[in-house]
Each structure stands twice: as structure tokens, then as C-alpha cells.
*Asks:* 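Below is the structure I would like to discuss, written out as C-alpha cells.
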Amino acid sequence: MTENPKPEMAKAYDPKATEERLYKFWEENGWFTPKIDKDKTPYVIVMPPPNVTGALHVGHAQRIGVEDAFTRWRRMCGDNVLLLPGVDHAGISGETVVERLIWKEEKKTKNDLGREEFLRRVWLWMDKYRDVIDDQIRALGASCDWTRKVFTMDPGPQKAVRTIFKMLFDQGLIYKAERIVNWCPGSRTVISDLEVNMVEEDGFLWHIRYPVKGEEGRYITVATTRPETMLGDTGVAVHPDDERYKDLHGKMLILPLMNREIPVVADEGVEKDFGTGAVKVTPGHDPLDFEIGQRHNLPIINIMNKDASINENGGKYTGLDRFEARKQVVKDLEEQGFLVETKPYHHTVPYSDRANVPIEPLVMMQWWVKIRPLSDPALQAAYDGRVKFVPERFTKVYTQWLENIHDWSISRQLIWGHRIPVWYCRNCGKMTASAEETGPTNCEHCQSADIYQDPDVLDTWFSSGLWPFSTLGWPDKTEDLAYFYPGSVMETAYDIIFLWVARMVMFGIYAMGEVPFHTVYLSGLVRDEKGEKMSKMKGNTVDPLEAVATYGSDALRFTLLTSSTPGVDAKLSPTRMADSRNFANKIWNATRFIALNLPADMPAVPPEDLIIKVEMPLPDRWIISRYHTLVAEVSRLIENYQLGEAGRLIYDFLWSEFCDWYIEASKIRLNSGDEAKKLATQKVLVGVLEGSLRLLHPFMPFVTEELWQNLPHTGEALIIAKWPTPGKRDEEAERQFEALQQAVREVRNAKVEAKVESKRVPAIIATKPESLTLFQTEREILIRLAGIEAGSLEITDNLPTAPAQAMALVTNAATIYLPLSGLLDFEQERTRLGKEIEEARKEVEKSEAMLANPNFVERAPAPVVGKEREKLIAAQERVQKLQERLATLV
RNA sequence: GGGCAGUUAGCUCAGUUGGUAGAGCGCCACGCUUACACCGUGGAUGUCACAGGUUCGAGUCCUGUACUGCCCACCA
């Protein structure tokens with residue numbers, strides 16, 4: 001194994017000094033790379049491949065943190081774990097990035113270069129940049145198997161794409177059709193419905209009148225938000241039942257500006273109550289109009305070029321940009337008296353998610369996936385629970401979308417991407433699909449060699465949908481595929497359930513006959529401090545590498561994991577990251593304290609050796625018991641995907657219980673001079689800390705590994721240490737220690753309240769008989785932690801007369817007198833006791849009321865009622881003792 | 001138009017089988033106790049958005065309302 005050179009422990013934790021070294025240590029020892037082993041259970045998370053074109057943002061950091069936390073947890077549980085990394089070629093944005101670069105440097109377009117040359121350039125760019133984000137993933141500590149890293153344009157995934165395309169094509173599930181599609185004039189390609197955003201805008205609703213042919217002075221007034229499209233109008237539609245227009249059905253209108261005759265048609269799709277009740281029909285440029293046109297056999301006139309300028313069908317407007325044309329059309333209509341009115345109108349406009357410009361609906365021939373045969377099984381998988389969502393509510397989001405799904409347009413008019421593996425025959429005109437890398441040599445129908453390939457490429461999400469199995473070698477029957485498919489958990493953000501998750505399920509079932517993962521864990525979005533979505537344009541992004549540099553990788557990860565709940569957006573604040581950094585430093589110093597004083601031959605204390613024995617000192621029994629509780633809780637929470645809550649529990653345990661109480665208490669025995677006691681204590685210190693570090697490792701991999709290496713241990717590394725199993729608790733010890741804690745807190749509190757200057761105060765403790773032994777045995781804890789003057793401390797269960805010049809502190813197990821001779825202000829003490837009595841009385845009243853309710857006593861579970869009775873008795877005793885004391889102060 | 005979340009201490013948020021509200025930060029007061037000032041000790045602050053209901057008991061379940069955010073949807 002590769003050695004991990006460890007320096008002396010510094011006074012504060014320095015992430016920079018450890019992170020890179022440990023990552024290398026883990027990776028070089030092969031712990032990220034699972035070996036196929038039939039006797040072990042595989043656990044697989046295929047990482048969502050980030051786009052090559054962008055650096056990682058904190059959202060990625062969060063997801064990678066979640067993925068790696070589950071991965072590390074299962075690895076420690078003994079599973080054969082694979083976290084598979086990859087990169088996506090990012091279709092449109094990949095192409096755009098390179099286009100811009102070439103334009104900037106050479107003032108050339110991709111058309112100037114030609115397909116082959118442009119592709120060559122893209123590949124050059126990709127080869128240079130596709131490994132850049134690897135370093136970021138490493139910096140975040142992801143324990144992924146780099147030997148299996150995949151790029152969506154690698155030969156494997158390329159083959160997978162061609163293969164599934166051919167399968168679907170041959171079965172008629174991929175087809176070509178002319179339909180109205182979303183054309184993005186910015187990217188000059190078709191995009192799918194999911195890539196269209198509806199953006200609210202203030203626009204206008206223009207009312208235009210169309211003269212009725214042959215009826216001088218009669219018009220139909222239509223309303224439109226896009227007057228320029230009238231150039232392509234081939235009809236006007238009204239509702240069949242609309243009395244206003246009934247006599248006009250079938251009549252002809254004269255289209256203004258174009259002087260074309262267009263018919264009035266009656267169609268159910270028109271809303272009578274909206275606008276004027278009459279709709280201009282532009283089948284070439286509007287989805288609804290397209291349908292109406294189909295129903296009434298209206299001609300389709302395309303008036304736009306690919307860049308959304310008006311084409312030769314636009315009369316005098318030919319060559320104008322669509323927005324220029326709009327102005328001009330409105331102006332002309334107004335001048336010619338056709339414009340009735342212009343109303344301001346707030347509406348939604350479809351924008352291209354890719355280029356951030358309004359899309360243009362166009363009628364075009366494109367490739368489609370006939371989706372129902374794929375979506376129905378994917379739907380079924382969610383219905384019957386073969387695919388579960390965390391949180392559960394997203395199941396409905398998923399199913400509702402699939403229930404209403406439309407065919408998927410998969411062709412893109414781009415160069416960069418998976419090219420459609422279909423060849424056209426110039427001889428017979430038929431199509432040949434092929435999965436071969438080189439394509440077919442002849443038309444499969446007429447054997448002609450005169451064939452050429454479709455120029456388009458596929459939607460990026462087409463290849464992404466194959467990711468869970470294309471990464472493992474499909475369609476080849478590889479060992480990886482047989483062993484690691486299906487995966488376990490798919491972790492991603494909820495905004496790509498449709499774009500990605502649904503398609504993986506569809507393709508997974510189609511190609512493999514089995515769902516690609518049993519659980520979909522959905523992270524929320526990470527927002528900035530104000531709760532706004534982070535984006536480069538707003539400039540409010542947090543660079544994970546900067547956060548890592550400032551606070552450390554563990555701090556960033558711990559913050560992201562503990563400040564969020566699955567599926568809920570989280571705000572990232574620097575103070576939270578500082579908290580987490582402080583936590584890392586806290587456990588660093590706790591370990592430093594423990595490790596510093598250990599004997600050289602100190603044996604390892606594995607968690608399974610943490611067994612409570614009756615002869616152990618109380619603090620040992622207490623902390624071990626608390627530790628076992630923690631193990632059980634944390635394990636349960638992680639199994640239920642509640643990483644945040646699990647992380648918080650570990651934080652509280654280590655900071656509050658282990659550091660503040662156990663370590664402080666342990667100092668007594670460490671300094672006692674008794675070597676046997678010292679060693680016994682050290683064993684518990686080491687054992688509990690080591691076990692807790694195991695629990696914390698998935699959350700803070702770097703510090704925990706580093707600290708673990710500094711403690712006595714068996715095994716090579718924490719990353720491959722065994723996940724602890726909970727042992728037996730000792731509830732009696734927990735109760736006793738709590739009694740001690742209560743006493744200590746009371747004294748500390750009293751000292752502050754009475755403004756005692758001296759560090760140590762005298763005390764007399766009158767215990768209940770059953771607590772006498774406890775207080776006597778743990779005398780040193782009281783002295784040290786509460787700050788009691790050792791020489792004066794008297795512990796008895798038989799105190800004939802209470803000291804007069806003393807504060808009296810009443811706990812459940814004892815009354816503690818602090819004889820502050822001369823310092824005690826009687827008036828103040830009476831007031832204090834009065835307040836305490838009042839508080840205790842309130843408790844008594846509350847409990848009494850509950851217990852007086854027969855319904856509560858009869859119907860509530862026995863333990864709940866019992867607990868309430870105990871509370872009542874304790875409170876009553878408290879009131880009584882406080883009153884007695886108050887009486888003596890008169 | 002349909003759907004889904006959120007609304008808890010000054011701030012950021014936890015609170016998953018309904019048992020009577022927590023953490024961190026911030027604030028106030030102390031404190032260099034030989035691991036840690038990236039620290040320790042103590043303290044203050046909440047009709048858990050609002051209105052009903054179910055229940056012995058509701059921050060937690062049901063109904064409705066308000067505000068905020070998100071998703072889906074072919075009203076020109």
C-alpha cells in the first residue's frame with residue numbers, strides 16, 4: 001500500500017496540508033476502484049455527467065457531496081461500491097462555445113469552415129477541456145473510479161447511441177415527420193418542448209380588421225400579439241356557435257397588406273370570449289393554428305428564414321427581421337386603416353432555453369421518438385415502486401408528466417453531437433439505419449451504393465438517457481454491465497426529472513428490460529444568501545474551489561449536506577461554512593488532545609470493543625451508551641436518505657457530549673497518576689472518537705481520515721474501515737450522568753448569577769438517599785466541572801441544618817448549598833427562589849391538569865402517562881424544597 | 001388554468017411513525033481551567049402565517065384563507 005506520510009499534528013486543522021495528499025493516498029491504493037466479486041453486493045451510483053463547457057458550481061458540489069456520502073457509507077458497510085464519473089459533450093452549448101471562439105479569433109463561422117473542419121476544431125477544444133472539471137471533483141473529495149471515467153462522445157457511448165437508434169428505428173419507434181416544431185433562431189436548430197421557457201412579458205394585443213370579400217364595409221376583427229405573422233395567414237377561425245359570425249362561415253376575407261383571399265372557418269378550438277372571438281390562422285407559425293389548418297385543409301405558408309427574418313413569401317417585408325417586420329406591418333396597417341386598436345397586454349412568450357431568444361414555431365421535417373411504448377413501462381415502474389423517489393412527492397411530478405407526454409423531437413440541426421445513423425438512397429429514396437461505426441456501404445433496400453447520411457445530430461439528452469448502461473459497455477455484454485447494472489441510487493436535481501430521469505428509466509427498461517436504478521434521490525437547488533437562483537449572468541455564483549480554499553473541502557461539504565433536506569432548496573451562507581470549518585477544527589483538537597498523551601504501545605480500540613461493563617466508571621458507561629445511541633440513529637437516518645439530520649446528530653454528539661462533557665471529565669482520571677485508570681480512560685477516549693470518526697467520514701472525508709490515521713487503529717485507512725453497528729446501551733448510566741450534569745449546570749449558573757469572582761466555590765450537597773453513592777463516587781466531576789472548592793465539599797444524605805448564608809440549588813437528585821459567606825444578598829436570593837418556585841409551580845399545574853384528564857390517563861400510552869407522573873412528582877418535590885428554603889430565609 | 005412546496009427565536013434553518021419546540025450565527029455577561037479564542041461557561045428571545053376540524057394531546061394529520069416561490073399548460 002502507498003504510505004500516507006503524516007506530519008505532526010498542528011495546533012489548528014489545515015485542510016490545504018491534507019486534502020490533496022489524502023486523495024492521492026486513497027486513489028493510489030485503489031480504494032475507488034471496485035473489483036468485480038460475485039460474493040459481494042454491488043452498490044452503484046452513476047454520477048450525472050457535468051457539461052464539458054462549464055466549471056462546477058456549488059450545486060454540483062452539493063450533489064457530488066451527496067453521491068460521495070452515500071458511496072462512502074456503503075463502501076464502509078462492505079458493499080462493492082462504484083461511483084462512476086463522466087462528462088457530457090453538451091450538444092448546443094458545446095457547439096456554441098467553439099463557434100464563438102472561432103469567430104473571435106478568426107472571424108469565421110462554422111459554415112465557413114465546413115462540417116469536417118469544424119468538428120476537428122471542436123474535438124481539439126474538447127481534448128483540451130474535458131478533463132478540467134476532474135480536478136474540481138477531486139477537490140471535493142469524491143471517491144469515484146477514475147479508471148472507468150466516460151465521456152458521452154467516447155466510442156462506447158457512440159456505439160450505444162447508434163445501436164438503440166437502430167433498434168427503435170427498426171421497430172418503427174423512431175420516425176420522420178413534418179410538424180410544427182420549436183425553432184430556435186439563436187442556435188439555428190429545433191429544440192424540444194422541455195427546452196422552451198415561458199417568459200412573462202408586457203406586449204400588445206393588436207386588433208386588425210379583415211374586410212369581407214364582396215360585402216363592402218363589413219369586416220372581421222381579429223386580435224393578435226404577433227401581427228407580422230399575418231403575412232402567412234391562410235384563414236380566419238371562429239367558434240361554430242358564435243352568433244356574431246355564423247353567417248360568415250365559408251365566406252372569403254381579403255387579407256390586408258397581402259391582398260390574398262382567405263376563408264372563414266368554424267373551429268371548436270376557438271374561444272368565443274377571448275379577444276374578438278375571431279382568430280387569424282397562420283398554420284406555418286403557430287401550433288394551434290397549425291392544428292386548425294390541418295382540420296380545414298388550409299395551406300401552410302412559411303414566411304420565415306432560419307434566422308427568423310421574413311422570407312420571399314413576405315411580400316414587401318422580405319428580408320426584415322421578425323421584430324422589424326412587426327413594426328412595419330403595424331405601421332402599414334394603421335396607415336391603411338386596418339388597425340382598430342392597440343391594447344397593452346401582459347402575456348407569456350416562449351423563449352429558447354438555449355439561446356435566450358423567443359423561439360419561432362415552424363413547420364419542418366424532423367425525427368421523432370414515438371414515446372408511448374417507452375413511457376408506459378416507465379410509468380408502470382413508478383406505479384409499482386420499482387423506481388422510488390426521495391422525497392416521495394416527486395413521484396407524482398414524474399407520473400403526471402409521463403401520463404401527458406408527447407412525442408419527442410430528437411433531431412438537432414447541429415454538427416457537434418451524435419449524428420443520426422440513417423442513410424438516404426439516391427436511387428430508391430429509402431432509408432437505411434445502421435449501428436456500424438462506418439455506416440452501411442449500400443442501401444439495404446436496393447443495394448445501391450449511392451447513399452448519404454442524414455446531416456442532423458441527436459438531442460444531447462438522447463445519449464444522456466443511455467448513461468446508466470452505455471457507461472458500462474452496452475450494447476456489448478461486458479462483465480461490468482452484468483455486474484453493475486442496474487444501479488442503486490440516481491442522485492440529481494429535481495429540475496431535470498423530465499429531461500433526464502424519465503428518459504433514463506424509459507431507455508433502461510427498453511434496452512435492458514430492467515429499471516436503471518431503484519431510487520431517485522433529488523437534491524434541492526443551492527441558492528445564494530438572498531435565496532436567488534445562482535447564475536453566471538447574475539454574478540452571484542459561489543465557486544466551490546474558492547469555498548474549498550477558504551474553508552476546506554470538508555467544511556463546504558458538511559455545510560451543503562447539513563443545511564439541506566432532500567428536494568428543498570437551500571441557501572448557502574459563509575457563516576455556515578465557517579461553522580463547519582470550526583467543527584473540523586474542534587474534532588482536530590479533540591483528537592490532538594487524546595493522541596498527544598497516548599502511550600507509544602497503545603493498542604487500537606475498534607468500535608466492537610466498546611462494550612459497557614458494570615465495573616466501568618460512570619462517565620465511560622455514559623459516553624459509550626450515548627455513542628451506541630448515535631450509531632443506531634445515524635445508521636437509521638442515512639438508510640432513510642436523511643443525511644442532513646444524521647450529520648447534525650454527529651456534530652452535536654462530538655461537540656457537546658464528547659468534547660464538553662466526556663473529555664472534560666476524563667481529565668480527572670488522566671491526571672490521577674493511576675496508570676491503570678489512565679489507560680482505561682484512554683481506551684474509551686480512543687474507541688468512542690474512532691467510532692465517531694467512522695460515522696462522520698461520509699460527511700467529512702478528509703479530516704476524519706487524517707485524524708483516524710493519527711489514532712491507534714487496525715486496518716489501512718478509514719475509507720475502508722467497517723461501518724459501526726450499535727451495541728447495548730446503559731440507560732441507568734445515562735440517567736445518573738444526567739443527574740450529575742444537572743447539578744453541575746446549576747452550580748455554574750448560580751456562580752454567574754451571584755457574580756462570584758472566585759473560580760472555585762465552597763459547596764454542601766444534600767442528596768436524596770438513593771443518590772448519595774452517585775455523588776460521592778463522582779465527587780471529582782463536581783469539583784472539576786462545576787468549579788467547587790475541593791476542601792469544602794461535603795456530600796451527605798443527612799443534613800440536620802441547612803447553612804444559612806448560602807444559595808440553595810434544587811435538582812431532582814439533590815439540593816446544593818453554596819455558602820457564600822458575606823457575599824449572599826438575601827433579598828436577591830429570595831427573589832431568585834421565588835422565580836424558581838413560580839416556574840416549578842407552572843410545571844406542576846401543567847402536569848396536574850393533564851393527569852386530571854381521565855381521557856389522557858386512559859387513552860394515552862402507558863409510558864407517556866408514566867413519564868408525566870414522574871414529571872409531576874419531581875416538580876412537586878422541587879416546589880416543596882424551594883419553599884422550605886425560602887421559609888428559612890425570612 | 002392546473003399542480004407542488006415554503007411560511008418555526010433578530011438571521012439562516014432542523015424538527016418522518018402526533019406526546020407538549022431545537023441548533024448555529026448574532027446579542028448580553030463572565031472567562032487565557034496545561035486540546036481548541038476556528039475556544040469555554042452562563043443568559044435572553046417563539047399565540048411554530050391565519051381560521052376551523054380530527055384527537056386525551058397537533059409545528060407534526062384534515063379543510064379552508066393569505067402571502068412567497070417553483071413546475072406544468074396551444075387562449076390568439
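Here is the naming used below: chain letters follow the sequence lines, and residue numbers restart at 1 for every chain. Since the model is a prediction, treat every value here as computed from it, not as a measurement.
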*Asks:* Which value, in whole Å, describes the distance between the C1' atoms of nucleotides B:C71 and B:G10?
*Replies:*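 Those two atoms are separated by 33 Å.
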*Asks:* So A:F394, base contact, sugar-phosphate only, or nothing? Heavy-atom distance under 4.0 Å.
*Replies:* nothing
*Asks:* Can you tell me the distance, in whole Å, between the CG atom of A:L643 and the P atom of B:G15?
*Replies:* 12 Å
*Asks:* Just to be sure I understand the rule, does A:E271 reach a base, reach only the sugar-phosphate, or reach nothing, if contact means heavy atoms closer than 4.0 Å?
*Replies:*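 Base contact.
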*Asks:* Within a 6.0 Å radius of atom NZ on A:K667, are there more than 12 heavy atoms belonging to other residues, nucleotides or ligands?
*Replies:*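 Enclosed: over 12 neighbouring heavy atoms sit under 6.0 Å from NZ of A:K667.
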*Asks:* What does the B/S/- profile of nucleotides 25-35 of chain B look like, 5' to 3', with a 4.0 Å heavy-atom cutoff to protein?
*Replies:* S-------S-B
*Asks:* So what is the 5' to 3' dot-bracket string for RNA chain B, if pairs are Watson-Crick or G-U wobble with both distances under 3.5 Å, crossing pairs use [ ] and | means the partner sits on another strand?
*Replies:* (((((((..((((.....[..)))).(((((.......))))).....(((((..]....))))))))))))....
*Asks:* Any protein N or O atoms within reach of nucleotides 17-21 of chain B? Criterion: under 3.5 Å, listing atom names and distances.
*Replies:*
residue	atom	partner	partner atom	Å
B:U20	O2'	A:K846	NZ	3.3

*Asks:* Keeping to residues at least two apart or across chains, list the side-chain hydrogen bond (donor to acceptor under 3.5 Å, both in side chains) pairs with something in residues 222-233 of chain A.
*Replies:* A:Y210-A:D233, A:R226-A:E228, A:R226-A:E360, A:E228-A:R326, A:T229-A:K280, A:D233-A:K280, A:D233-A:T282
*Asks:* Determine the Euclidean distance between corresponding C1' atoms of B:A66 and B:G52; express it in Å to zero decimal places.
*Replies:* 15 Å
*Asks:* Starting at CZ of A:R748 and ending at C1' of B:G40, how long is that distance when rounded to a whole Å?
*Replies:*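 That distance rounds to 9 Å.
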*Asks:* Can you name the residues that form a ring pair (Phe, Tyr, Trp, His ring centres under 6.0 Å) with A:W661, not counting sequence neighbours?
*Replies:*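 If we apply the ring pair (Phe, Tyr, Trp, His ring centres under 6.0 Å) test to A:W661, skipping adjacent residues, there are no hits.
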*Asks:* Once you apply a heavy-atom cut-off of 4.0 Å, does A:Y345 come out as touching a base, just sugar-phosphate, or nothing?
*Replies:*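 It contacts sugar-phosphate atoms only.
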*Asks:* Rounding to an integer number of angstrom, what distance separates B:A73 and B:A51 when you compare their P atoms?
*Replies:*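 To the nearest whole Å, 38 Å.
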*Asks:* Provide the distance between the two P atoms, one in B:A21 and one in B:G3, to the nearest whole Å.
*Replies:* 36 Å
*Asks:* Taking atom C1' of B:C4 as reference, at what distance in whole Å does atom CG of A:D495 sit?
*Replies:*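 To the nearest whole Å, that distance equals 15 Å.
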*Asks:* Counting any heavy atom closer than 4.0 Å, what does A:V270 reach on the DNA or RNA strands: base, sugar-phosphate only, or nothing?
*Replies:*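 Since a base atom lies under 4.0 Å of A:V270, the category is base.
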*Asks:* Contact class for A:R226 vs. all strands (heavy atom < 4.0 Å): base, sugar-phosphate, or nothing?
*Replies:*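 Result for A:R226 = nothing.
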*Asks:* Distance between the C1' atoms of B:U12 and B:G26, in whole angstroms?
*Replies:*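 Comparing C1' positions in B:U12 and B:G26 gives a spacing of 11 Å.
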*Asks:* Return the value, rounded to whole Å, for the distance between atom CZ of A:R745 and atom P of B:G40.
*Replies:* 14 Å
*Asks:* Quick one: label A:W206 by what it contacts on the DNA or RNA (base, sugar-phosphate, nothing), any heavy atom closer than 4.0 Å.
*Replies:*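 Result for A:W206 = nothing.
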*Asks:* Do the side-chain N or O atoms of A:W655 get closer than 4.0 angstrom to the phosphate oxygens (OP1, OP2) of B:G40?
*Replies:* yes
*Asks:* Rounded to the nearest angstrom, tell me the gap between atom CG in A:L288 and atom C1' in B:A76.
*Replies:* 7 Å
*Asks:* If you assign each of A:N197 and A:L205 to its closest nucleotide in RNA chain B, which residue comes earlier from the 5' end?
*Replies:*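 Closer to the 5' end of RNA chain B: A:N197.
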*Asks:* Roughly, in whole Å, what's the span from CZ in A:R576 to P in B:G24?
*Replies:* 11 Å
*Asks:* Provide, to the nearest angstrom, the distance between the NZ atom belonging to A:K751 and the C1' atom belonging to B:G40.
*Replies:*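 Whole-Å distance recorded here is 12 Å.
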*Asks:* Does atom CD of A:E848 have more than 12 heavy-atom neighbours, drawn from other residues, nucleotides or ligands, at distances under 6.0 Å?
*Replies:* yes
*Asks:* What pairs with A:W206 under ring pair (Phe, Tyr, Trp, His ring centres under 6.0 Å), at least two apart in sequence or on another chain?
*Replies:* A:F204
*Asks:* A:D353 has an atom CG; how far is it from atom P of B:C71, in whole Å?
*Replies:*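 In whole Å, B:C71 P lies 10 Å from A:D353 CG.
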*Asks:* Between B:A44 and B:A29, how far is it from one P atom to the other, in whole Å?
*Replies:* 15 Å
*Asks:* Just checking A:T282: base, sugar-phosphate only, or nothing, at a heavy-atom cut-off of under 4.0 Å?
*Replies:*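 No contact at all - A:T282 keeps every heavy atom at 4.0 Å or more from the nucleic acid.
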*Asks:* On RNA chain B, compare the nucleotides closest to A:M198 and A:G277; which residue's is nearer the 5' end?
*Replies:*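 Closer to the 5' end of RNA chain B: A:M198.
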*Asks:* If we take the P atom in both B:A49 and B:C30, what is their distance in whole Å?
*Replies:* 37 Å
